[in-house]
Engineer: 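Take a look at this one; I'll ask things after.
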2 protein chains.
Amino acid sequence: MVADVDAATPHTATGGGAPAETLGRSERKHRAILEAAQGMFLAGGYLGTNMDELAAASRVSKQTVYKHFGSKEALFVELVTSMTDAAGDRVHVDLADPTEADEVPSFLEAYADRQLDIVMTPTLLQLRRLVIGEVTRFPELAEALYEHGPKRAITTLAAMFERFDELGLLRVDDPTAAATEFNWLVMGEPVNRAMLLGDAAIPTAAERAAQVRGAVRVFLAAYGAR
Amino acid sequence: MVADVDAATPHTATGGGAPAETLGRSERKHRAILEAAQGMFLAGGYLGTNMDELAAASRVSKQTVYKHFGSKEALFVELVTSMTDAAGDRVHVDLADPTEADEVPSFLEAYADRQLDIVMTPTLLQLRRLVIGEVTRFPELAEALYEHGPKRAITTLAAMFERFDELGLLRVDDPTAAATEFNWLVMGEPVNRAMLLGDAAIPTAAERAAQVRGAVRVFLAAYGAR
DNA sequence: CCATAACGGAACTGTACGGTCTAGTTTGAT
DNA sequence: ATCAAACTAGACCGTACAGTTCCGTTATGG
């Protein structure tokens, strides 16, 4: 037994700013709880999750759970909020704008494909289902998910389309309307299918590509420069 | 006190085939239970609804509830199924096809506006939220909602677009793809906003009209005959 | 190396809830 | 008028579950 590097012997010094493996006990428990909470809340919903099992799954005493999070509600809110934030960040990425009009179709296809690929993740879809099912109980969480999800995507797209219009790559009068249309042209069917039909309805890479080609084709028929 | 016509004195003869006011006691209770169940399940979700309160709200004994429906699960399934069926039927309606190409835009706008108006009903939206939140527990219900909702709408649209193509009113290679795109171009944003933002996000008639005009414009740019 | 804060485990409280049971009452068709 | 079916009220059972308490144990950082 030589390599115990991973989870033991934390020494005294923390690596500086590195958020590496060396974490205090408390921090580790905190994360273990959140991790178990993610699995359980996503699988069972808010009311369907019980704190005894959650503590057991976290390999932590119930006492510790309550020391860290205060209540079931607070734990739920913190979990969903952190997942929402993380998901929102994962979507955003910088791509160089195209320079020629004939690069626009493939650019939009790549962009949409990426977007779709990220959104159609089992965990994210389940988060969306969970939050939708709890809109009445936790409206703030649903609103946050809307802001970090669709709204952010549309805002980003709108800015992009406005630039493309100025570059003469597209003809877009109302960038927000165009962005909204593009967004749901791409995501409407896959997302809504998956909401109701479960993860079995998640498109394969090939299906995604076909979906995206169709969407971009329609979009460009309305907003293409030529 | 003269007019007690409404809910009393059921006499012996039932009006014939008329499903009027004169119903057996059992039937009345059955409906009262379903009605209360609708309110309570939509408001509280499956786990959040309790059978004592449900019986009280139905003005019926708990025993009667169990005589009629057997279990909480069975009641839930029957309720959601009946609501799903009813909703699906409400959407379908026959409109005369347009004959000239220049009638197509306003025809599509009217069609979409109607569709959107029906779907954006608080009760229906809440049913959708409820079912989405329970996909794991009741996948059959979610599947049924998908079939009676989006799938049926798209199938109907596809048949319509195929006729329009043959009439030379549109140019549609893949009617199902076109129908899907049209459907989510129209409904994507409103439905998904409402899922997360609640009934406050239900568009007004004017917003609906604007939404629909944009959607039809984009759609016709890609599929218009000219 | 030791003081202290964090943790474990398990019992405990109070309540809530799905479903059943009992025993008496109402209803409606004949 | 009669009688069976349907209904009522509420007690009751078993279980589940959020949150607390108690006290002994362990890890951590100075």
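Convention: sequence-line order gives letters A, B, ...; per-chain numbering from 1. Computed from heavy atoms alone, side chains included, the values below leave out hydrogens, waters and symmetry copies. These numbers come from a predicted model, not from an experiment.
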Engineer: Show the nearest heavy-atom pair for residues A:L157 and A:Y111, with the distance to one decimal.
Structural biologist: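 That closest heavy-atom pairing would be CD2-CE2, 3.6 Å.
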Engineer: Which of residues 57-76 of chain B have a heavy atom under 4.0 Å from DNA chain C?
Structural biologist: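 Hits under 4.0 Å, by residue number: B:K62, B:Q63, B:Y66, B:S71, B:K72.
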Engineer: Could you pull out all residues at least two apart from B:K72 that satisfy side chain to side chain donor-acceptor pair (under 3.5 Å)?
Structural biologist: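 So B:K72 forms no side chain to side chain donor-acceptor pair (under 3.5 Å) with any residue.
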Engineer: Considering only heavy atoms, which members of residues 41-54 of chain B lie under 4.0 Å from some atom of DNA chain D?
Structural biologist: none
Engineer: Ignoring backbone atoms, establish whether B:R28 has a side-chain N or O less than 4.0 Å from OP1 or OP2 of C:dT26.
Structural biologist: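 No, because none of the side-chain N or O atoms of B:R28 sits under 4.0 Å from OP1 or OP2 of C:dT26.
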Engineer: Just say parallel, tilted or perpendicular for the rings of A:F76 and A:F41, cut-offs at 30° and 60°.
Structural biologist: perpendicular
Engineer: Taking A:R152 first and then A:D89, would you say they form a salt bridge - that is, a charged N and a carboxylate O separated by under 4.0 Å?
Structural biologist: yes
Engineer: Can you confirm if the aromatic rings of A:F161 and A:F219 lie within a centre distance of less than 6.0 Å?
Structural biologist: yes
Engineer: In whole Å, what is the span from the CD atom of A:E27 to the P atom of C:dA5?
Structural biologist: 18 Å
Engineer: What closest approach, in Å, do A:A209 and A:D113 show between heavy atoms, and which atom pair accounts for it?
Structural biologist: N-OD1, 4.1 Å
Engineer: Verify the contact: side-chain N or O of A:K29 to OP1 or OP2 of D:dA27, cut-off strictly under 4.0 Å; return yes or no.
Structural biologist: no
Engineer: Regarding A:Q211 and A:R208, do their side chains bring together a donor and an acceptor under 3.5 Å, going by distance alone?
Structural biologist: no
Engineer: With the threshold set at 4.0 Å, does a side-chain nitrogen-carboxylate oxygen contact exist between B:E35 and B:R31?
Structural biologist: no
